[in-house]
Amino acid sequence: MSKEITSRAQDYSQWYNDLVIKGELADYSAVRGCMVIKPYGFALWENMRDAMDKMFKDTGHQNAYFPLFVPKSLFEAEEKNAEGFAKECAIVTHYRLKTDPDKKGKLMVDPEAKLEEELIIRPTSEAIIWNTYKGWIQSYRDLPLLINQWCNVVRWEMRTRLFLRTAEFLWQEGHTAHSTSEEAVAETRQMLDVYADFVENWMAVPVIKGVKTESERFAGAVDTYCIESLMQDGKALQSGTSHFLGQNFAKAFDVKFLNKENQLEHVWATSWGVSTRLVGALVMAHGDDQGLILPPRIAPLQAVIVPIYKGDQQKATVDAKAKEIIKQLKELGIRVKYDNNDNARPGWKFAEYEMKGVPVRITLGARDLENNVAEIARRDTKEKRNVSLDGIAAYVNELLAEIQKNLFDRAKSFRDEHITPADTWNEFEKLLDEKGGFISAHWDGTAETEETIKEKTKATIRCIPLNNPQEDGKCILTGKSSKQRVLFARAY
RNA sequence: CGGGAGGUAGUUCAGCCCGGUAGAAUACGUGGUUUGGGACCACGGGGUCGCAGGUUCGAAUCCUGUCCUCCCGACCA
């Protein structure tokens with residue numbers, strides 16, 4: 001028993017860490033707040049990235065790459081955005097080291113190599129991108145400009161957690177420019193839909209689409225739309241954001257275009273992003289006390305075959321049959337691994353692949369061959385059943401689809417059961433403490449009330465859901481009149 | 001950035017209070033027996049005790065500084 005997992009009931013935080021580390025998604029590093037994404041974790045991210053990348057391209061976007069460094073003068077051009085990120089920036093001030101005359105074999109920053117202008121390591125790329133767009137946009141014919149980049153960004157977080165909040169993380173950021181406000185808003189909403197589609201249909205994590213309140217809005221945005229998901233401990237996780245930036249950045253960076261009437265106008269902008277944080281969402285939405293549970297559509301391995309045999313002769317027979325099955329599975333495009341490593345015994349392998357969340361395990365032994373069957377175990381429900389070797393690939397293929405659906409349904413039931421209306425303050429506090437999840441409650445619409453509620457309960461307004469039903473009510477805190485409920489939750 | 005805990009073999013940890021030159025389990029290597037839920041026997045390899053200073057005849061152990069991790073808080077995706 002080398003890899004014990006802390007149970008969720010015992011210590012949810014530790015359980016999460018155990019899954020990430022022991023599931024081999026990531027490792028700690030020698031750099032404060034930065035993690036190493038291990039091959040298995042990176043394969044997962046690559047699958048997520050590739051699926052989204054295709055969706056971005058299908059909606060007309062192109063990839064490009066902009067610099068890691070942002071000159072301070074550019075960074076501060078859009079004031080609100082700059083202020084919003086100012087407290088968490090890493091800054092390059094020098095460009096050279098030299099040997100330390102006082103300490104043999106050590107290096108020191110060369111004081112004579114100070115940069116004339118500091119470089120900010122991008123916490124997000126609006127500044128450098130809008131500075132660039134200025135040169136790319138002259139006429140309405142240059143619009144819309146639909147660009148995405150996959151990159152790393154740095155936000156100097158005080159308290160970090162694997163995948164959920166690290167000082168450096170991987171993400172994609174889309175930055176688009178449009179000739180009308182309506183078109184930019186439509187783009188913002190379209191990308192929100194793309195995110196929701198991806199997270200629900202590929203990651204099997206249900207989301208709530210909504211709009212952020214002013215205090216939760218992206219610095220520099222007119223409106224911030226988001227998808228919010230719910231973790232098993234009842235805390236919400238912002239899983240993606242899409243911003244309508246109005247003309248804020250166009251004005252800050254002087255990006256104008258000539259419209260059809262030959263008049264100069266500032267362009268309308270959007271930006272949208274999701275990050276490796278999604279991996280954290282995946283872990284916490286589906287995992288159990290045995291380890292990770294990965295949805296088949298993005299799992300690095302969809303099936304693993306574990307052979308069982310006594311002696312070389314049986315081994316050869318089982319190997320041969322396994323190879324046939326693998327060929328059939330691969331023909332259906334299934335990502336399968338054959339683990340015939342003789343050093344680990346079957347029981348060890350079972351536990352190992354459960355830890356790593358592989359959706360389907362196929363156990364193939366001499367006994368099974370006699371009966372022309374294999375034992376198929378599904379990770380999500382842990383059910384095991386013997387399945388005829390005839391048509392086994394098709395069976396696995398269907399099972400993968402079923403697991404994908406079951407994971408989503410299960411997470412959705414949990415989520416739906418954890419959206420609870422509250423009409424009194426007592427009820428509100430009690431629900432937060434005892435049940436968790438989203439609390440649907442009336443709010444008077446002021447930032448002051450939102451802040452007071454946050455101070456009292458640590459709950460924030462996660463979003464105002466799209467197509468939110470309008471109803472008259474009274475604010476949960478102040479009793480002032482309210483036209484709609486909003487979703488509160490404690491969040492990551 | 002504040003409070004708490006921790007860092008000793010690949011891993012989990014003991015040793016530290018009371019200073020004398022490092023141990024267990026597991027993992028790893030070889031050989032053999034095994035294989036349907038984390039196998040067993042035998043032999044073997046492996047650690048400048050996070051790092052840097054200091055005290056001392058002598059430091060994993062005492063002191064100072066520093067780095068990294070975890071938990072709680074403030075801040076934030």
Side-chain angles (χ1 to χ4, degrees), chain A residues 1-6 11-18 20-22 27-35 84-89 103 105-106 123-124 153-171 173 212 215-219 224 226-229 236-243 272-281 290-291 306-312 314-315 318 339-355 361-371 373-375 377 382 384 386 454-455 458 460 462 491-492:
Chain A
M1 301 281 181
S2 59
K3 287 185 171 180
E4 285 292 333
I5 298 177
T6 308
D11 184 342
Y12 192 86
S13 294
Q14 193 55 49
W15 167 80
Y16 174 79
N17 288 332
D18 284 355
V20 171
I21 298 294
K22 292 172 182 173
D27 209 347
Y28 295 111
S29 76
V31 191
R32 179 202 183 92
C34 296
M35 65 176 178
F85 285 105
K87 283 180 290 181
E88 47 185 349
C89 286
K103 292 179 188 161
K106 302 288 181 190
T124 179
V153 289
V154 168
R155 296 180 187 175
W156 210 262
E157 301 291 348
M158 289 298 136
R159 188 175 167 193
T160 57
R161 299 200 60 188
L162 294 165
F163 286 111
L164 297 174
R165 177 167 295 108
T166 45
E168 179 191 13
F169 57 93
L170 304 183
W171 79 341
E173 46 180 329
K212 288 290 189 189
S215 49
E216 296 277 327
R217 191 180 292 155
F218 176 71
T224 288
C226 63
I227 50 173
E228 293 284 327
S229 47
L237 182 79
Q238 178 175 298
S239 304
T241 49
S242 185
H243 316 289
W272 27 275
V274 298
S275 71
T276 38
R277 183 179 227 203
L278 282 177
V279 175
Q290 275 67 51
V306 177
I308 296 174
Y309 47 81
K310 295 178 185 172
D312 287 347
Q314 279 193 3
K315 182 170 195 241
V318 173
D339 187 352
N340 63 348
N341 175 3
D342 203 33
N343 296 324
R345 303 180 67 215
W348 191 91
K349 292 176 187 173
F350 295 169
E352 182 68 11
Y353 292 109
E354 276 165 15
M355 176 87 72
R361 182 184 74 231
I362 303 168
T363 308
L364 192 64
R367 203 164 75 200
D368 301 309
L369 292 186
E370 282 171 25
N371 300 316
V373 297
E375 181 194 78
K382 302 205 188 68
K384 292 191 267 196
N386 288 325
K454 186 180 174 184
E455 280 169 17
K458 292 177 198 158
T460 50
R462 299 320 302 158
Y492 278 97

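Predicted model only: the values in this text are computed from it and were never measured. The sequence lines fix the lettering, A, B, ..., with proteins before strands; numbering per chain opens at 1.
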Any base atoms under 4.0 Å from [X], or only sugar-phosphate, or nothing? Heavy atoms, all strands.
X      : answer
A:Q290 : nothing
A:E157 : base
A:K458 : sugar-phosphate
A:V31  : sugar-phosphate
A:L164 : base
A:F169 : base
A:T224 : nothing
A:G280 : nothing

>> Does A:K382, at its NZ atom, have more than 12 non-hydrogen atoms belonging to other residues, nucleotides or ligands within less than 6.0 Å?
In response: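 Yes, the 6.0 Å shell around NZ holds more than 12 heavy atoms from other groups.
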
>> Does A:D312 have more than 12 heavy atoms from other residues, nucleotides or ligands lying within 6.0 Å of its CG?
In response: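 12 or below, so no.
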
Whole-Å gap separating [atom2] ([N]) and [atom1] ([X]):
X      : N     : atom1 : atom2 : value
A:I5   : B:U11 : CD1   : C1'   : 15 Å
A:R159 : B:C70 : CZ    : P     : 9 Å
A:E88  : B:C1  : CD    : C1'   : 14 Å
A:W15  : B:C71 : CH2   : P     : 14 Å
A:Y492 : B:C75 : OH    : P     : 18 Å
A:N341 : B:C28 : CG    : P     : 9 Å
A:R161 : B:G73 : CZ    : P     : 11 Å
A:K349 : B:G37 : NZ    : C1'   : 13 Å

Nearest-angstrom distance, [atom1] atom, [N] to [M]:
N     : M     : atom1 : result
B:A24 : B:A14 : C1'   : 7 Å
B:U55 : B:C63 : P     : 15 Å
B:C40 : B:C51 : P     : 34 Å
B:G38 : B:G44 : P     : 29 Å
B:A27 : B:U21 : C1'   : 27 Å
B:A74 : B:U11 : C1'   : 35 Å
B:A9  : B:A60 : C1'   : 14 Å
B:C57 : B:A42 : P     : 47 Å

>> Quick one: does any side-chain atom of A:S229 pair with a main-chain N or O of A:I227 as donor and acceptor, under 3.5 Å?
In response: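 No: the side chain of A:S229 does not pair with the backbone of A:I227.
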
>> Ignoring hydrogens, what is the shortest heavy-atom contact between A:T363 and A:I308? Give both atom names and the distance.
In response: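 Taking every non-hydrogen atom into account, CG2-CD1, 3.3 Å.
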
Enumerate all atom pairs, one protein N or O and one N or O from nucleotides 34-36 of chain B, separated by less than 3.5 Å.
| residue | atom | partner | partner atom | Å |
| --- | --- | --- | --- | --- |
| B:U35 | O4' | A:R345 | NH2 | 3.2 |
| B:G36 | OP1 | A:R345 | NH2 | 2.8 |
| B:G36 | N7 | A:R367 | NH1 | 3.4 |
| B:G36 | O6 | A:R367 | N | 3.0 |
| B:G36 | O6 | A:D368 | N | 3.1 |
| B:G36 | O6 | A:D368 | OD2 | 3.2 |
| B:G36 | N1 | A:D368 | OD1 | 3.1 |
| B:G36 | N1 | A:D368 | OD2 | 2.3 |
| B:G36 | N2 | A:D368 | OD2 | 3.2 |

For [N], the Watson-Crick or wobble partner whose two distances fall under 3.5 Å:
N     : answer
B:A5  : B:U69
B:G37 : none
B:A24 : B:U12
B:A52 : B:U64
B:C18 : none
B:U30 : B:A42
B:C75 : none

> Can A:W171 and A:L278 be said to form a side chain to side chain contact (heavy atoms under 4.5 Å, CB included), step by step?
Replying inline: CA-CA 10 Å; A:W171 79 341; A:L278 282 177; over 6 Å; no

>> Let's go through A:R361 and A:E375 carefully: what are the C-alpha distance in whole Å and the side-chain angles of both, what is the deciding distance for side chain to side chain contact (heavy atoms under 4.5 Å, CB included) to 0.1 Å, and is it a yes or a no?
In response: CA-CA 8 Å; A:R361 182 184 74 231; A:E375 181 194 78; 4.0 Å; yes

> Could you walk me through whether A:T241 and A:C226 pass the side chain to side chain contact (heavy atoms under 4.5 Å, CB included) check?
Replying inline: CA-CA 4 Å; A:T241 49; A:C226 63; 4.2 Å; yes

> Do A:R361 and B:G37 have a side chain to base donor-acceptor pair shorter than 3.5 Å?
Replying inline: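 Under the 3.5 Å cut-off, the side chain and the base do form a donor-acceptor pair.
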
>> Let's test your reading of the model: under 3.5 Å, does the base of B:G37 pair with the side chain of A:E352 as donor and acceptor?
In response: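 Under the 3.5 Å cut-off, the side chain and the base do not form any donor-acceptor pair.
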
> Just by distance, with hydrogens left out, do A:R462 and A:T460 show a side-chain donor and acceptor under 3.5 Å apart?
Replying inline: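 On atom types as modelled, these side chains qualify, holding a pair under 3.5 Å.
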
Nucleotide nearest [X] (side chain, heavy atoms from C-beta), chosen from [options]:
X      : options             : answer
A:M158 : B:C70, B:C76, B:C1  : B:C1
A:M355 : B:C72, B:A77, B:G38 : B:G38
A:Q14  : B:A77, B:C70, B:G38 : B:C70

> How do A:A491 and A:A351 order along RNA chain B: which one's closest nucleotide is nearer the 5' end?
Replying inline: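 In this pair, the answer is A:A351.
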
>> Does B:C68 have OP1 or OP2 under 4.0 Å away from a side-chain N or O of A:R32?
In response: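 Yes.
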
> Given A:E88 and A:E157, is the side chain to side chain contact (heavy atoms under 4.5 Å, CB included) satisfied, shown in steps?
Replying inline: CA-CA 6 Å; A:E88 47 185 349; A:E157 301 291 348; 3.1 Å; yes

> Should A:I21 and A:L162 count as side-chain neighbours, where that means a heavy-atom distance under 4.5 Å?
Replying inline: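 Result yes, sub-4.5 Å side-chain heavy-atom pair found.
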
>> List the residues meeting side chain to side chain contact (heavy atoms under 4.5 Å, CB included) with A:T276, not counting sequence neighbours, and say none if there are none.
In response: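 A:T276: side chain to side chain contact (heavy atoms under 4.5 Å, CB included) contacts with A:I37, A:W45, A:F163, A:F169, A:L170.
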
